[in-house]
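Reviewing the structure listed below.
FYI, the numbering just counts along the sequence from 1. In each ligand, atom 1 is the first atom listed, and ligand 1 is the first ligand listed.
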Amino acid sequence: MISRDVISLAFGQQGSPYRLDPNTIRMKNGQIEGTILKTTSEKEKIKLPLVVTFLDSGSTRIQVDEEKRQKGDIELRHDSKVRKERYNEAAGWSLTGAGLQPQKLSKFDKGAKSTTVTWGSSNQFSVIITYAPFGIELFANDKKQVVLNERGFFNFEHWRPKVEKPVTEEGKDEDKKVEPLVPQEDESTWWEETFGGNTDTKPRGPESISMDISFPGFSHVYGLPEHAGPLSLKQTRGGESNYDQPYRFFNADVFEYELDNPMTLYGAIPFMQAHNKDFTVGVFWLNAAETWVDIVKTQQGTTMGLGGHTDTLTHWFSESGVMDIFVMLTQSPKELSQKYAELTGYTAMPQMFAIAYHQCRWNYVSDEDVKDVDRKFDKHNIPYDVIWLDLEYTDDKQYFVWDQDNFPDPIGMEKQLDEHERKLVIIIDPHIKNKAGYQIVEELKSKDLAVKNKDGNFFEGWCWPGSSHWIDCFNPAAREWWKSLFPYNKMKGVQSNVWIWNDMNEPSVFNGPEVSMPRDNVHYGNWEHRDVHNLNGMTFHNATHHALVSRAKGESVRPFVLTRSFFAGSQRLGAMWTGDNQASWPHLAASIPMVLNQGVAGFPFAGADVGGFFGNPSKELQTRWYQAGAFYPFFRAHAHIDTRRREPYLLGEPYTEIMAQAVRLRYSLLPSWYTAFREAATEGVPIVRAQYYVHPHDEAGFDIDDQFYIGSTGLLVKPVVTEGGESVDIYLADDETYFDYSTYKTYSGAGKRHSVTAPLDKIPLLMQGGNIFARKDRPRRSSGLMKFDPYTLVVVLGRDGRADGELYIDDGETYDFEHGGYIHRNFTFGNGSLKSQDVSSSVSTKDTKKKAVYLKTMDNVLVERIIIVNAPKSLEGKSEVKVTGQSSKSGGTASMSYHVAKDGNAAWAVIRNPAVKIGADWSIDLGVNTDAKGEL
Ligand code: NOJ
């Protein structure tokens, strides 16, 4: 629990007790340093060192610490040996080190009441630091965007010794009691706290921190995953349809989590975007302890709209640690994504298989079962890439040891999967069974690599295996040891098509407080668990990620790790899923804003258990869930051990075929999904993008979170998430025409909702005019088998008769793409011709060879079809087009057919076998000017 003293509340009536001492303000190496003084009594002034840094990226970093704790000048209670400082290593885990260099300032003006700083390429950013009370205002283009401590909630629980109060007998000396002048502080949770039978000893006493952060003129804030609520965050101080408690971050294994609720879930990214039609600003609260965020919105100005606006006021508080806040001022959500990614890192480019379809359940019961499921997918022509093994593959929940009875031949099983380039993912959790003779736990203990309890002994708790110990991945030696367990010659029954699932890493401790570890447990470096709790999950999947990278000398393939718990920066390491949802329509609906929000907060490789984890979905629900899941960045079906088997081929017709079609659609669009992942990996942008993100100036779309775009393809989907749903209303923000994905039916009209019919076999999916995207249309068993398949390009002409789009390709497996081994094309259509141009960046001389080798492997990969949607009438009757840059044979031409518009469906044309290479420059001339202007 977070305690908050009443000093600041008491002072709140007379003014804040926090004042920046002007005599201490100095400019050093592009940073402002100073000391904030907290006045607690006439005699006592607590020193809080402040550093404000103006970063390369245009962001401002505000760090506040506490001098006494910094210097170790405090006494710990209970003879504790933990660190005396406030935890200051979250940055080391979360930040990559990029974008942290101070920027050259163009103005530093230290005045009597405040200091003003200006910087930025066109001096567009400025900050005013006010001394008394301490506060910071941040401006972009002369407009105030963000204010810190506007409401005086800045608070730092300074260290103080526990003063034992004399115990008075109830009722005695009643008449001598004097009412205090200022409200007395409620110390009941400062020094000790008992919860669920467990006592937290709090050796450092109270140490919480808080700050209020206001966004004037912003009525929408997004981000703060992981919570199961709407994308546009709700107010949290009560009132109709608001929450009555703050958004909470305390990573936890929450049983049957509730929807539309600010309760904590498995992961934490304390990053918020505030957005209005002119600006997007971000706040990143870099703290790994328990954190809460309150949100209120206030209407300012007149009610008739004249000069009136809404402000969003937020209040952030954490249980411990230093204060480390990044404020980013940008012009658009896209720019903000880039800035945030510069700090915390970009999505790791996954292998192609990882973005294909995954088949999981708790559990496939034997290697024969796995092989049987594998064959049945083939029999029913349903592609899939990965099959998963949950806990039951282990011998008595001992990770790294196979259950010999049910999985006597894991390698044989893996070999069968490999025949169709399929993979296996097995679960490995951070709790290690405490059983004599189990080599892993013996090593964990003898090497002293487990998390300790407050008394310095190995912490022992209860999880799937029963009594367990937990690997402490904060410890570099533990990570090295973890690495040593994965090499093929060490890890039994595992070959190179096997990857890892990390679950329960919040960490989940069945008999612990709030199903986790006691906060006074101790990690490497003598840090208390309370300080690092929200980082814990990330340190584990980080260790697994690195263990997989190094499992064989000379092997250079990208690892795959799925994690349940995460923190800011986890995007560099793998994928996440939204944990134990339920087989219900509301859970299906809730998964969409949850996945969108992951993208807003820089960790877009996300999905929910398709079909729902708990319970048995109806056939209709499961079918609709496959149609939605085919549009999650991470697409995996999963189910609880007590549920009925539900592999898609078991449902019978028409369900099986409809689900198969959804999976095939995912496979056909894999080239476009992969391109979207590349954008995330290089620009930090979401893979699936919310309405406000794509149309940042259209206020009507700011709270829409049930439809979304896939990358930059212009594909707009709105999955059906209601029982018996036969149609959906899709909101269109822009003036472009949109076309139904399969019938080319047209929809246009900006700022309106359009009804799209959606019987069970139909996914409401539209294509926005003006885009070109790539597909592979030959159905195969797995993505690996599609590697060298030819492409189909879909050219969706916009109102001006033009379109463009990109395609990124690499080997889908290795790191060669980092050395030029990739193809990146830009396609443009205009003036009657379609062109393919190289947009890959130039490579060093050293890498030229790698690039050439890769291009050679792709030499025979061609475009087999070009579909032009919204094809102009002038193409009618034309049967041949001119091809320049063709690979061969067809004599510089290709055939074309034209299909006239009818019944509200747009006209379209198909160019067959133009025989152009996917990796080369070429152009195709249609022989008429197709620009809309040219037409008129
Ligand atoms: C909890 C996970 O959330 C779930 O997906 C998994 O099946 C069980 N643990 C068993 O490992």
I'd like to check Tyr438 versus Tyr399 (side-chain heavy atoms, cut-off strictly below 4.5 Å). Are they in contact? yes
Should Arg530 and Glu290 count as an ion pair when the cut-off is N to O under 4.0 Å? no
Heavy-atom cut-off of under 4.0 Å around ligand 1: list whichever protein residues fall inside it, by chain and number. Trp362, Asp390, Leu391, Ile427, Trp464, Trp501, Asp503, Met504, Arg564, Trp577, Asp580, Phe613, His638
Under-4.0 Å salt bridge between Arg645 and Asp369: yes
My understanding is that only residues two or more places apart in sequence, or in another chain, count here; which of them pass side-chain contact (heavy atoms from CB on, under 4.5 Å) with Val549? His545, Pro559, Tyr815
Holding to ring pair (Phe, Tyr, Trp, His ring centres under 6.0 Å), I want the full list of residues that pass it with Phe407, two or more places apart in sequence or in another chain. Trp402
Can you name the salt bridge (charged side-chain N to carboxylate O under 4.0 Å, His left out) partners of Arg781, sequence neighbours left out? Asp378
